[in-house]
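Please read the structure below before turning to the comments.
Since we're looking at a predicted model, the values are computed, not measured.
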Amino acid sequence: VAKGMTEQPAKTLDAVAEIGYTEIGLSQLYGSTAPQIEEMLKQSGLHCPVLHLPWADLSDANFPAALERCHVLGARYLFCPSLPAAKWTTRAGITELAEVFNRQGAKARDEGVILGFHNHAAEFALVDGVPGLARFLDETDRELMQLELDCYWVTKAGQDPVAWLLRNPGRVPALHIKDMAMGGGFADVGAGTIDYRRIFRERKRAGVKHFLVEHDQPADELATARAS
């Protein structure tokens with residue numbers, strides 16, 4: 001509901017709650033402040049367990065403000081969905097990324113927040129014969145860095161979401177739930193080709209606590225939220 005959150009955030013949150021959702025994940029604040037969003041959440045009855053942050057906010061200078069947004073909104077998880085693409089192409093680059101997440105993940109843990117990464121498709125490209133994401137997860141401390149698995153992008157990369165859940169028991173507190181149309185585009189959840197029943201069967205082993213419905217290109221955001 002990015003468009004609605006930009007144009008009419010309070011009305012949009014109320015509508016999402018009326019559909020029956022109890023939680024929402026925010027990729028940004030859409031022009032509002034964290035206290036303003038917190039008040040809107042309170043009025044709607046929604047909770048926000050998950051926030052996103054850009055790569056720039058993982059710097060030592062910006063990270064404290066990102067943690068403060070989590071505290072204001074009551075978010076437990078802070079996921080970064082985009083890292084410098086060039087870093088994913090070499091083992092040395094992936095090690096650099098892992099070092100950042102381990103360092104900032106320790107700071108987050110000290111403040112009661114869990115830092116993590118949200119995947120797309122590119123991170124599954126092989127680096128010396130191994131998917132880059134696998135190397136990244138192996139080089140990060142599972143207690144300091146967890147994963148928000150986007151099932152659409154895992155599938156788009158030719159991978160199996162269930163295999164990645166099984167590979168990371170207890171390390172996947174959140175799933176992005178969006179479906180794939182026959183041609184590979186986006187579909188409302190349940191109207192596409194991804195077998196979510198099979199994925200959900202592994203939710204407990206993976207440690208999944210939050211299921212976040214998403215559609216990257218909805219014709220009508222609230223209609224998609226209802227249908228999904």
Side-chain angles (χ1 to χ4, degrees), residues 1-17 21-84 87 97-120 123 136 140-150 153 171-178 207-216 221 225:
V1 289
K3 184 173 185 290
M5 286 298 297
T6 301
E7 297 176 353
Q8 295 181 304
K11 183 177 179 180
T12 298
L13 291 173
D14 288 344
V16 169
Y21 290 94
T22 60
E23 298 180 338
I24 189 167
L26 294 176
S27 60
Q28 56 177 294
L29 299 184
Y30 302 99
S32 299
T33 65
Q36 287 170 336
I37 294 288
E38 191 274 336
E39 182 59 30
M40 295 178 208
L41 289 168
K42 186 185 300 181
Q43 292 298 320
S44 70
L46 291 171
H47 300 282
C48 177
V50 171
L51 287 180
H52 282 189
L53 82 165
W55 165 248
D57 282 0
L58 281 167
S59 69
D60 290 334
N62 295 341
F63 196 56
L67 293 176
E68 179 58 25
R69 289 195 293 275
C70 288
H71 295 322
V72 171
L73 293 169
R76 171 70 166 159
Y77 299 96
L78 185 59
F79 294 110
C80 184
S82 180
L83 304 180
K87 299 291 186 185
L97 296 175
E99 289 171 349
V100 171
F101 274 80
N102 284 332
R103 183 176 72 252
Q104 305 298 39
K107 296 176 186 177
R109 180 185 61 182
D110 290 344
E111 298 211 19
V113 175
I114 296 173
L115 181 64
F117 177 67
H118 171 288
N119 69 280
H120 288 86
E123 303 89 21
F136 179 65
T140 47
D141 186 330
R142 64 182 298 112
E143 300 300 324
L144 303 178
M145 206 295 295
Q146 299 198 348
L147 181 63
E148 181 181 48
L149 196 72
D150 188 306
W153 289 114
R171 201 178 183 181
V172 189
L175 293 179
H176 262 200
I177 308 300
K178 59 188 173 199
V208 180
K209 300 178 178 65
H210 306 287
F211 302 81
L212 303 166
V213 171
E214 189 180 34
H215 190 307
D216 286 11
E221 292 179 333

Next on the checklist: Please evaluate residues W55 and L97 with respect to the criterion side chain to side chain contact (heavy atoms under 4.5 Å, CB included), reporting the C-alpha separation (whole Å), side-chain torsions for both, the decisive distance (0.1 Å), and the verdict.
Outcome noted: CA-CA 10 Å; W55 165 248; L97 296 175; 3.7 Å; yes

Checklist outcome for this item: Distance col, row H215:NE2 vs I177:CD1, nearest 0.5 angstrom, shows 14.0 Å

Next on the checklist: Using modelled atom types and a 3.5 Å cut-off, is there a donor and acceptor pairing between side-chain atoms of E221 and backbone atoms of K3?
Outcome noted: yes

Checklist entry - For the atom pair SG (C48) and CD1 (I37), what is the distance rounded to the nearest 0.5 Å? => result 8.5 Å

Next on the checklist: Any non-hydrogen side-chain atom of K178 less than 4.5 Å from a side-chain atom of W153?
Outcome noted: yes

Checklist entry - What heavy-atom pair brings C80 and F101 nearest, and what distance separates the two atoms? => result CB-CZ, 3.9 Å

Item to check | Between H118 and D150, a side-chain donor and acceptor under 3.5 Å | outcome: yes

Checklist entry - Is the shortest heavy-atom distance from the side chain of N119 to the side chain of L149 under 4.5 Å? => result yes

Checklist entry - Do any N or O atoms from the side chain of R171 and from the backbone of M145 form a donor-acceptor pair under 3.5 angstrom? => result yes

Item to check | Nearest-0.5 Å distance, CG of residue L41 to CG of residue D14 | outcome: 10.0 Å

Checklist entry - Should L29 and L73 count as side-chain neighbours, where that means a heavy-atom distance under 4.5 Å? => result yes

Item to check | Among Q43, M5, Q8, side-chain contact (heavy atoms from CB on, under 4.5 Å) partner for L13 | outcome: M5

Item to check | M40 to A10 - nearest heavy-atom pair and separation | outcome: SD-N, 3.6 Å

Checklist entry - Taking the inter-plane angle between the rings of H210 and Y77 on a 0 to 90° scale, is it parallel (under 30°), tilted (30 to 60°) or perpendicular (over 60°)? => result perpendicular

Item to check | Interatomic spacing from CD1 in I114 to CG in L78 - rounded to 0.5 Å | outcome: 11.0 Å

Item to check | K87, NZ atom: more than 12 neighbouring heavy atoms under 6.0 Å | outcome: no

Item to check | Check against side chain to side chain contact (heavy atoms under 4.5 Å, CB included), H71 and V113 | outcome: CA-CA 8 Å; H71 295 322; V113 175; 4.0 Å; yes

Next on the checklist: Test side chain to side chain contact (heavy atoms under 4.5 Å, CB included) on E148 and H52; report intermediate values, then the result.
Outcome noted: CA-CA 10 Å; E148 181 181 48; H52 282 189; 2.7 Å; yes

Next on the checklist: Given 3.5 Å as the limit, does a donor-acceptor pair link the side chain of Y21 with the main chain of V213, or not?
Outcome noted: no

Checklist entry - Checking Q104 side chain against L58 main chain: does a donor-acceptor pair fall under 3.5 Å? => result yes

Item to check | L212 side, atom CG; L175 side, atom CG - distance, nearest 0.5 Å | outcome: 8.0 Å

Item to check | Derivation of the side chain to side chain contact (heavy atoms under 4.5 Å, CB included) call for L53 and F63 | outcome: CA-CA 9 Å; L53 82 165; F63 196 56; 4.1 Å; yes

Item to check | Pair D57 + R69, salt bridge at N-O below 4.0 Å | outcome: yes

Next on the checklist: Given 3.5 Å as the limit, does a donor-acceptor pair link the side chain of E123 with the main chain of H120, or not?
Outcome noted: yes

Next on the checklist: Do L83 and F117 have side chains that approach each other closer than 4.5 Å (heavy atoms only, starting at C-beta)?
Outcome noted: yes

Item to check | Which atom of A174 lies closest to which atom of V50, heavy atoms considered | outcome: CB-CG2, 4.5 Å

Item to check | Interatomic distance, F79 atom CZ to L147 atom CG [nearest 0.5 angstrom] | outcome: 7.5 Å

Checklist entry - For the residue pair S32 and P9, what are the closest heavy atoms and their distance? => result OG-CG, 4.1 Å

Checklist entry - If you look at every heavy atom in V72 and P35, which pair is closest and at what distance? => result CG1-N, 3.7 Å

